[in-house]
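Each chain gets a letter, A, B and so on, in the order the sequences are listed, and its residues count up from 1. Hydrogens, waters and symmetry mates are skipped; everything else that's a heavy atom, side chains included, is used.
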There are 2 protein chains.
Amino acid sequence: MRARSTKLKQDKKSLSKAPAKRAKRMPHAERREQILTQAAEFFSEYGLTGQTRSLAAACGISQRLLYRFFPTKAALLAEVYARTILGPFEGEWFGDLTNRDKSMETRLIEFYSDYYEKLLTRRWLRLFLYSALAEGDMAPNYISSIITKLLDTIVDEAALELKISPPENPDFKRELGWTLHGAISHLAIRRHIYHGPHKIPHTDMIKVYVQTFLAGLPITTKHGAD
Amino acid sequence: MRARSTKLKQDKKSLSKAPAKRAKRMPHAERREQILTQAAEFFSEYGLTGQTRSLAAACGISQRLLYRFFPTKAALLAEVYARTILGPFEGEWFGDLTNRDKSMETRLIEFYSDYYEKLLTRRWLRLFLYSALAEGDMAPNYISSIITKLLDTIVDEAALELKISPPENPDFKRELGWTLHGAISHLAIRRHIYHGPHKIPHTDMIKVYVQTFLAGLPITTKHGAD
DNA sequence: TTCCTAAGTCGTCAACTGACGACTTAGCAA
DNA sequence: TTGCTAAGTCGTCAGTTGACGACTTAGGAA
């Protein structure tokens with residue numbers, strides 16, 4: 001019942017095929033970069049409780065060397081989280097949603113196809129879920145504020161095109177946005193975490209979700225006034 | 001960077017308030033029951049890597065006693081999983097979805113309100129996600145076959161009422177069902193795992209999701225023939 | 001009351017694990 | 001070639017863990 005990552009440690013002293021030769025020298029910054037990349041992959045697979053020795057083995061370096069770059073495992077995890085989870089949220093990556101030269105359906109399909117492929121990857125999702133479950137809640141505010149803005153944008157733009165007025169209640173308005181955002185997020189969870197089937201291309205499904213959202217909005221918007 | 005469950009161990013030898021007195025005697029079956037109940041709660045909070053010593057402390061018994069009931073921690077986990085995750089799927093708990101005396105909207109709202117409250121709890125979701133991430137994939141087939149049947153039922157019944165024919169492609173048909181099922185599952189994940197706001201009652205949101213699903217189905221069904 | 005049995009605990013083993021002091025060595029500059 | 005410095009490793013410590021042999025004791029039956 002040891003952590004599963006243990007099995008990476010090349011069977012310990014078994015066959016001498018891999019004599020664990022000395023790692024090639026590398027500049028500080030470069031090695032640090034390599035460790036962070038490997039760590040993102042490693043912890044997303046084995047969870048935040050993955051062992052530093054296994055991570056070091058995956059990097060092809062000694063465990064001790066990790067501590068030349070990060071004072072503690074927690075510090076390493078924090079940086080992995082900041083880069084892998086928070087990093088992709090930087091910048092104006094959904095400004096195109098307000099480009100009214102295109103139909104809202106087109107805008108949503110293009111945006112979410114990109115979002116699905118760039119952000120809702122196996123690596124991102126697993127790391128995010130491990131962090132959420134650990135309840136460290138490392139930076140829920142940062143992400144949630146961006147998602148909130150995204151949801152507001154989606155509902156406002158869709159309502160505009162549909163010539164309806166969005167719900168007064170901002171909480172309810174955001175929940176309407178989650179109708180679309182949640183369905184697509186769950187598609188990614190199903191496929192990347194639950195290992196569900198990929199028989200229908202995700203782009204087709206995104207189109208379905210977008211059309212469903214737009215078809216439902218005129219009906220569901222009315223509840224807001226209750 | 002120890003497992004968080006450690007903090008349950010009543011501060012070790014600190015204040016002598018709790019001298020760790022002997023547990024009260026209890027019949028074998030009853031104690032076993034108590035352990036399993038506590039274990040479900042415990043592992044759902046602290047993850048499958050939670051320590052047996054902490055679990056024992058939460059049960060008010062010695063760690064050794066756990067091994068009078070389960071040969072290994074893995075065996076205990078397997079039984080917890082079978083009861084907590086698989087157990088709720090037994091029986092004909094969604095037969096009412098085909099009761100055509102009620103409108104499909106009513107049937108879906110009633111079913112998913114029940115489903116959300118009974119199954120999509122914090123405990124169930126956390127345990128399920130921890131298991132899915134661990135990739136033990138303890139029994140994905142059993143659950144997925146039931147969900148598949150549920151999805152088929154939903155789309156067929158909705159199509160019947162809407163006087164449209166469901167998609168030919170069974171994979172696509174199920175994906176249409178996921179439009180609804182996924183949105184509601186994700187609502188539960190958001191609220192129970194991501195600690196999202198609960199300002200709008202979940203019953204209101206289920207109504208929104210159901211109406212959105214029914215409004216979108218006539219449009220999205222057409223893609224199946226492509 | 002006596003005694004027997006099952007409920008329950010103590011203490012310990014061996015492997016695991018984060019962390020780090022002390023040491024070795026590659027590769028460049030003079 | 002020499003020698004300095006930063007890259008890299010060894011070995012170990014202390015606290016954790018799953019697991020279990022040996023022991024203690026509650027409480028009902030005779």
Side-chain angles (χ1 to χ4, degrees), chain A residues 1-14 18-35 38-39 42-43 46-78 80, chain B residues 1-14 18-35 38-39 42-43 46-78 80:
Chain A
M1 188 42 69
R2 290 283 122 212
R4 276 170 314 295
S5 61
T6 301
K7 70 187 174 206
L8 282 188
K9 286 199 299 180
Q10 61 186 6
D11 296 35
K12 291 221 161 176
K13 60 266 294 183
S14 61
K21 55 183 162 188
R22 203 178 185 84
K24 205 181 149 196
R25 281 174 83 100
M26 205 176 279
H28 190 87
E30 192 175 331
R31 177 66 79 191
R32 181 184 166 87
E33 214 60 29
Q34 183 223 348
I35 290 173
Q38 281 287 329
F42 178 82
F43 288 119
Y46 300 105
L48 310 189
T49 58
Q51 311 168 12
T52 55
R53 278 173 177 77
S54 301
L55 169 59
C59 293
I61 60 178
S62 66
Q63 183 231 12
R64 183 66 176 88
L65 192 54
L66 292 177
Y67 289 86
R68 293 265 179 273
F69 299 88
F70 307 96
T72 62
K73 182 184 173 183
L76 168 58
L77 279 173
V80 167
Chain B
M1 188 43 68
R2 289 283 121 212
R4 274 171 316 295
S5 60
T6 301
K7 71 186 172 207
L8 282 189
K9 285 199 299 180
Q10 58 185 10
D11 295 34
K12 290 222 161 175
K13 60 268 293 184
S14 61
K21 54 182 164 190
R22 203 178 184 84
K24 204 182 150 196
R25 280 174 84 99
M26 206 177 277
H28 190 86
E30 193 175 330
R31 177 66 79 191
R32 183 185 166 87
E33 213 59 29
Q34 184 222 350
I35 291 173
Q38 281 287 328
F42 178 82
F43 289 119
Y46 299 106
L48 309 189
T49 57
Q51 312 169 12
T52 55
R53 279 173 178 76
S54 301
L55 169 59
C59 293
I61 60 177
S62 67
Q63 183 232 12
R64 183 65 177 87
L65 192 54
L66 292 178
Y67 289 86
R68 293 266 180 272
F69 298 87
F70 307 96
T72 64
K73 182 183 173 183
L76 168 57
L77 279 173
V80 167

Pull out every protein N or O sitting under 3.5 Å from an N or O of nucleotides 21-23 of chain C, one pair per line with the distance.
unit_1	atom_1	unit_2	atom_2	d
C:dG21	N7	A:R64	NH2	2.9
C:dG21	O6	A:R64	NE	2.4
C:dA22	N6	A:R68	NH2	2.6

Checklist entry - Partners of B:S62 by side chain to side chain donor-acceptor pair (under 3.5 Å), sequence neighbours excluded? => result none
Item to check | Side chains of B:T52 and B:L76 in contact at under 4.5 Å (non-hydrogen atoms) | outcome: no
Next on the checklist: Let me spell it out: for each of B:Q63 and B:A29, pick the nucleotide of DNA chain C with the closest heavy atom. Which residue's pick is nearer the 5' end?
Outcome noted: B:A29
Checklist entry - Which residues pass the salt bridge (Lys or Arg N to Asp or Glu O under 4.0 Å) test with A:R32, sequence neighbours left out? => result A:E79
Checklist outcome for this item: The answer to which of B:A23 and A:P71 contacts DNA chain C further toward the 5' end, by nearest nucleotide, is B:A23
Next on the checklist: Can you tell me if A:H28 touches the phosphate of D:dA7, counting only side-chain N or O atoms and a distance under 4.0 Å to OP1 or OP2?
Outcome noted: yes
Next on the checklist: With a 4.0 Å cutoff (strictly under), does any side-chain N or O of B:Y67 reach OP1 or OP2 of D:dA19?
Outcome noted: yes
Item to check | Validation row: B:L55, B:K73 side chains within 4.5 angstrom (heavy atoms) | outcome: no
Checklist entry - Counting just side-chain N and O atoms, does B:T52 come under 4.0 Å of either OP1 or OP2 of D:dG18? => result yes
Next on the checklist: Once side chain to side chain donor-acceptor pair (under 3.5 Å) is applied, do any residues pair with A:Q38, and if so which ones, sequence neighbours excluded?
Outcome noted: none
Checklist entry - Can you check the A:R31 CZ to D:dG8 C1' distance for me, whole Å? => result 8 Å
Item to check | B:R53 to B:Q63 - nearest heavy-atom pair and separation | outcome: NH1-NE2, 3.5 Å
Checklist entry - How does each nucleotide of nucleotides 25-30 of chain D score, in 5' to 3' order, for protein heavy atoms under 4.0 Å: base (B), sugar-phosphate only (S), or none (-)? => result BBS---
Next on the checklist: Could you check whether any side-chain heavy atom of B:F42 comes within less than 4.5 Å of a side-chain heavy atom of B:V80, counting everything from C-beta outward?
Outcome noted: no
Checklist entry - Tell me: CD1 of A:I61 to P of D:dA7, nearest whole Å? => result 12 Å
